[in-house]
Every structure is written in C-alpha cells, then in structure tokens.
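I have placed the structure first, in the form of structure tokens, so that the comments after it can refer back to it.
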Amino acid sequence: MVSLGVTEDGGALAPPVRWWLGPPPPRAVTLLTRVLQLAVAATMLTWVLGYLGGLNLSPRPLAGGNDTGPVFNWHPLLLTLAFPVLMAEAVLAYKAPLVEQRDRTATKMYHFALHTAALVCTILGVIAAFVSHTAKRPAPIPNLYSAHSWLGLAVLSLLALQYAAGAFSYLWPKLSLANRQALGPLHRFLGKAVFTAGIATMAAGIQEKATFVQAFGKPPGLHAAIMALPAALVVLLLVLALVVLFHHAPGAAAPAPASVEQERLIAGSSGSGGGPAAEGEHGVHDYDDLHSA
C-alpha cells in the first residue's frame, strides 16, 4: 500500500487529479475511435470504387496496352483494412477491445488473431502493388521508386518482426515468465510504433496517389471529390492515430510517499517537538484506501 505522504508545510498530499477526458479515456473516446475507423474505411471505399476505377483481379485491356489501376486499387483498400482497422484493434485489444474476452488468455489469442489478419492484408496489399506495376503494358511501371515504397517495405518488415517475436515469446514455444515480463515494455512500444509508422506511410501513399491523379488524371477541379476524398482521408488517419494511442497514455502518477525520516523532519519543523508525526495529525493516508471506494 502507498502512503500519500505530507507536504512541506505539514499538509496532506492529495491523490492525483483525473480530468474527465482521462487518461484513461472515457467510453466516448473509444466510441469515437470506432466511428473514425468506419469513416476511414468508407471514405477509402468511396474513393476506390467511385473515382479510381474500382477493383479487378486482372488488368483491363486497352488499345495499345492495358489498365492495371483496378489491380493496384486492392493495395490502398487492403492496407486500410490492415492498419486503421485491424492493427488499431490489435493495439486496443488489452485496453478497449471491440469484443470483450472472458480472460487474459482469450485476450491474447484475440490480439494475435488481429495481428495475423493485419499482416496477411499488408502482404496481399504489397503484392497487389507489385503485380499492377509489372503487368502494365505497353511498358511496366518501375517498382520501389518513391519514399512511400521504401517506407512501406520498412513497415512490413517491422510488422513481421514484431509478429514473429510476439508469437515466439508469448505463444509458442513461450519464454519464461520473467523474460516475458522483461520483454513486455519493448513489445508494447514496438506495437504502437509499427501502427503509427503504418498510418504515416498510408498518408504518404494517399498523397502520392492524389498527386498522380492531379498530374495525369485531369480532375475537374482541385476541390472535386476525387481530390477532396484523399485530403479527408489523411486528416481522418491523423485523428484516428491520436485517439488510438490516447488509450495507452499513462494516468496521473500517485504522489511519491514520504519516508519516515522526511515525515520526522517535517513534524519537527512544524513545532511538534521533533517527534514523529501522528498519522492522523498530518494527513498520512493509504492511497489504495482512498481509491477503493
């Protein structure tokens, strides 16, 4: 149990103040997170199906070549499913799960399943980009020609590394309890870092695609839907990342307990004859007791 201690003038240290916004965040912030996830998915789906040519598993033939855009469009759609939806849920699995689990073991498997699905969607999305580039006719499009491309490969590598390390350490063959506890802070940090890097890489890719549309697609205007939707997507991704990470913000720390020597010195300076202060006299309380009601 933690003692609140006393202030320099002999008064009691108050417990940490918690704002209505948190942390931990109220249920309204968690609800906002799910609304933003749906908004990102719906906006991306509208952009892809309504303005970028839709989806297809093979190129569409054209006079003198083909159109691989519908094949490429699986790339942003799958990555939207991977990071704003599945990875966000994996990051929230222990804090605010969409589906409540019966115990910690079930939560661990839920987290692992979300991470698995995110990794699969990421791999398929990257494959879609490579296939659409190499299948382009009359001349293939070069691969890995932009910062977005290399950032994407870096994020995929980190995601795979985090996935393999987590599975090996926490599922099978499973490290010892002491080693799992030691790895925990690093595992949690890398999970949030990979999620954030994935969202940032998505934003870079969306802006790159919007630039291509503006340069070669001849949009009807800078404020046309085909240009406005990617701008909205980038803003939605930023806000989504903030509210997801806010669920992991640490709460206010309890005041450090005063040592017996400190309390004796404070009691002496306040005119109590130099003896140790009585617990009730200087407001020394048990922090857990204050918060058990």
Side-chain angles (χ1 to χ4, degrees), residues 1-2 16 18 22-25 27 29-30 33-34 37 78-127 149-202 237 240-254 256-257 287-288 291-292:
M1 293 189 291
V2 181
R18 177 186 170 187
R27 186 179 297 271
V29 174
T30 303
T33 304
R34 268 63 199 235
Q37 288 174 297
L78 286 166
L79 269 296
T80 298
L81 185 59
F83 281 89
V85 179
L86 294 169
M87 272 296 288
E89 288 301 326
V91 170
L92 293 172
Y94 287 93
K95 296 291 184 179
L98 181 63
V99 180
E100 292 290 340
Q101 304 299 311
R102 64 182 183 274
D103 53 34
R104 188 169 180 83
T105 299
T107 301
K108 184 189 299 184
M109 296 308 300
Y110 174 66
H111 173 76
F112 178 70
L114 289 166
H115 206 160
T116 301
L119 180 60
V120 170
C121 286
T122 302
I123 292 172
L124 291 176
V126 171
I127 290 173
S149 304
W150 290 104
L151 282 171
L153 283 185
V155 170
L156 175 57
S157 301
L158 287 172
L159 178 59
L161 177 64
Q162 170 77 346
Y163 179 85
F168 178 85
S169 303
Y170 296 101
L171 292 176
W172 188 88
K174 203 172 188 179
L175 300 179
S176 66
L177 177 60
N179 282 317
R180 295 200 306 273
Q181 291 175 335
L183 182 64
L186 177 60
H187 182 71
R188 290 190 293 272
F189 165 77
L190 284 178
K192 290 177 284 186
V194 171
F195 166 73
T196 305
I199 294 293
T201 303
M202 274 192 66
L237 286 174
L240 174 63
L242 289 175
V243 294
V244 168
L245 294 176
F246 184 52
H247 284 81
H248 286 266
Y287 182 70
D288 290 339
H291 286 72
S292 60

Distance, nearest 0.5 Å, that separates CG of L156 from CG of L161: 11.0 Å

Between L79 and M202, the two heavy atoms sitting closest are O-SD, 3.6 Å

Heavy atoms, side chains only, cut-off 4.5 Å: are L237 and F83 in contact? no

Of all heavy-atom pairs between Y110 and A93, which one has the smallest distance, and what is that distance? CD2-CB, 4.0 Å

Closest non-hydrogen atom pair, F195 against L245: CD2-CD2, 4.3 Å

Which is it for F168 and L175 under the side-chain contact (heavy atoms from CB on, under 4.5 Å) test, yes or no, and what are the steps along the way? CA-CA 8 Å; F168 178 85; L175 300 179; 3.8 Å; yes

Pairs flagged by side-chain hydrogen bond (donor to acceptor under 3.5 Å, both in side chains) wherever residues 172-193 is involved - sequence neighbours left out: Q162-H187, S176-N179

Within this structure, what is the CD-CG distance for the pair Q37 and L86, rounded to the nearest 0.5 Å? 9.0 Å

Spacing of Y94 atom OH and H248 atom NE2 [to the nearest 0.5 Å]: 11.0 Å

I need the minimum non-hydrogen distance between L81 and C121, along with the two atoms involved. CD2-SG, 3.6 Å

Under the 3.5 angstrom rule, does the side chain of Y170 hit a backbone N or O of G184 as a donor-acceptor pair? yes

Test side-chain contact (heavy atoms from CB on, under 4.5 Å) on L159 and M87; report intermediate values, then the result. CA-CA 10 Å; L159 178 59; M87 272 296 288; 3.8 Å; yes

Stepwise, does the side-chain contact (heavy atoms from CB on, under 4.5 Å) test hold for R104 with M109? CA-CA 9 Å; R104 188 169 180 83; M109 296 308 300; over 6 Å; no

Nearest heavy atoms of F246 and G22, plus distance in Å: CZ-C, 4.0 Å

Under the criterion side-chain hydrogen bond (donor to acceptor under 3.5 Å, both in side chains), I'd like the reasoning laid out for T116 against Y163: C-alpha separation, chi angles, the key distance, then a yes or no. CA-CA 8 Å; T116 301; Y163 179 85; 2.9 Å; yes

With the side chain counted from C-beta on, respond yes when T30 and K95 share a heavy-atom pair under 4.5 Å apart, and no when they do not. no

For H247 and V29, the nearest pair of non-hydrogen atoms, with its separation, is CE1-CG1, 4.0 Å

Yes or no on side-chain contact (heavy atoms from CB on, under 4.5 Å) for L98 and L92, after CA distance, side-chain angles and deciding distance? CA-CA 8 Å; L98 181 63; L92 293 172; over 6 Å; no

